[in-house]
Amino acid sequence: MEKVSEIVCESPSNIALVKYWGKKPVQIPTNPSISFSLTNCKTTTSVKLEDKKDSGNKFAFTFLFEGEPKPDFHPKIEKFLERVASFIPNVLQHHLIIDSKNSFPHSSGIASSASAMSALSRCLYEWEIKLTNRENLDIKVVSNMSRLGSGSAARSVFGGFAMWGQSYHYQGSDNEFAIQVPDHSDFFSDLQDCVLLIDKGQKKVSSTVGHDLMNGHPFAEKRYDQAQENLAKLLTILKGDDFNEFAELVESEALTLHAMMMTSSPSYILFRPNTIAVIEKIREKRASDNLPICFTLDAGANVHVIFPKSVINNAMDFIERELVGYCENQAYICDQIGTGQLVTIL
Ligand code: DP6
């Protein structure tokens, strides 16, 4: 093996347009989803390998987050290593030194599991390739490993648009790994995502619990069918240049995600009053000025404002004048569609 001391991966977060909501064991989505990867919201992870001292433990690792030991994260990493062990047997003969940091502030309310799990998966699989002297990395394996860490992470291994989950309408789509969406027009190739931080607090109900509540949900089957249809529609929309059609579908997906939460048992609400105020302003602006701007939501109160780069001046002017006042401490993060993972081998 060529001399390698450290493998570093920068991996982006992503924002879903058709939402993954509901899963079966182990990490199999109940419907397909599609997202685009971001540029600025990312995790940088470095992995070094040391000789394993025979501690008797199955996995040996040290985990640092932003330079500090984080024992709280250990159970999650152990569970992840257990799930991906068959892909990285040679790596797991070593003691792993994992050092991870996020580009976005800790308490921003931005989920980091997609970027964190995809960055770690890429580092570990790159190490396995080196240790076994192989030439080519199979990105499907990286996506599959990422999925086993966090479902949405499966999509973060690609730049641009990625879809994950079996779609009746798209050959090659798979429940175990994401694939890149190759066909889209130039109109959708430079989408911007301005994340309005309405509430930076910890979510009241985690995504894991939310996914679980889809089991036995009265509208689950209808929702899964709808996601299949919306995915097919969005793939067609992305080939054209009709922003209104795009907005209609993306906003309906976001509201449906929250409708599922509001109609589960127990029910819960992650919106804040300011979330709704912002949504209404965006819709009014689109209708009155014909500005191509729309929103989507994660499983939280923050609003992602999406628009093509061609209208960035008008859109940012509107956001700064009319929307930022609804954010906690006026905070927002500007981001845009990105090119995917970046790996450095040292
Ligand atoms: C609302 O990927 O965070 O962001 O698989 O349990 O880690 P786990 O869930 P996670 O769920 C994300 C849900 C979502 C929609 C999406 O990204 O598609």
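Below, each value reflects all heavy atoms present in this structure, side chains not excepted, and no hydrogens, waters or symmetry copies. The structure presented is a predicted model; accordingly, all values stated were derived computationally and were not measured. When a ligand or atom number is given, it counts from 1 through the structure's own listing order.
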Does any part of the side chain of His184, heavy atoms only, come nearer than 4.5 Å to the side chain of Lys239, both counted from C-beta?
no
Ligand 1-proximal atoms of Ser150, by part, heavy-atom distance under 4.0 Å
both
What part of Ala16, side chain, backbone, both or neither, has a heavy atom within less than 4.0 angstrom of ligand 1?
side chain
Rounded at 0.5 Å granularity, tell me how far OG1 in Thr236 sits from CG in Asp242.
12.0 Å
Say you draw a straight line from OG of Ser156 to CH2 of Trp164; how long is it, rounded to the nearest 0.5 Å?
11.5 Å
Starting from [atom], what is the nearest protein heavy atom, named by residue and atom, and what distance separates them?
{"atom": "atom 2 (O) of ligand 1", "result": "Ser152 OG, 2.7 Å"}
{"atom": "atom 4 (O) of ligand 1", "result": "Asp298 OD1, 3.3 Å"}
{"atom": "atom 17 (O) of ligand 1", "result": "Arg155 NH2, 2.8 Å"}
{"atom": "atom 11 (O) of ligand 1", "result": "His211 NE2, 3.0 Å"}

Of all the atoms in ligand 1, which lie at a distance below 4.0 Å from a heavy atom belonging to [X]?
{"X": "Thr208", "result": "6 (O)"}
{"X": "Ser113", "result": "3 (O)"}
{"X": "Gln27", "result": "5 (O)"}
{"X": "Gly151", "result": "2 (O), 5 (O), 7 (O), 8 (P)"}

Mind checking whether [X] has an N or O less than 3.5 Å away from an N or O of ligand 1?
{"X": "Lys19", "value": "no"}
{"X": "Val18", "value": "no"}
{"X": "Tyr20", "value": "yes"}
{"X": "Lys23", "value": "yes"}

Any donor-acceptor pair under 3.5 Å from [X] side chain to [Y] backbone:
{"X": "Ser118", "Y": "Ala114", "value": "yes"}
{"X": "Asp99", "Y": "Phe65", "value": "no"}
{"X": "Asn230", "Y": "Val18", "value": "no"}

Should Val303 and Ile198 be marked as a side chain to side chain contact (heavy atoms under 4.5 Å, CB included) after you check the CA-CA gap, both sets of side-chain angles, and the distance that decides it?
CA-CA 7 Å; Val303 181; Ile198 305 287; 4.1 Å; yes
Taking Arg283 first and then Glu251, would you say they form a salt bridge - that is, a charged N and a carboxylate O separated by under 4.0 Å?
yes
Picking from Lys233, Lys19, Arg223, what satisfies salt bridge (Lys or Arg N to Asp or Glu O under 4.0 Å) with Glu253?
Arg223
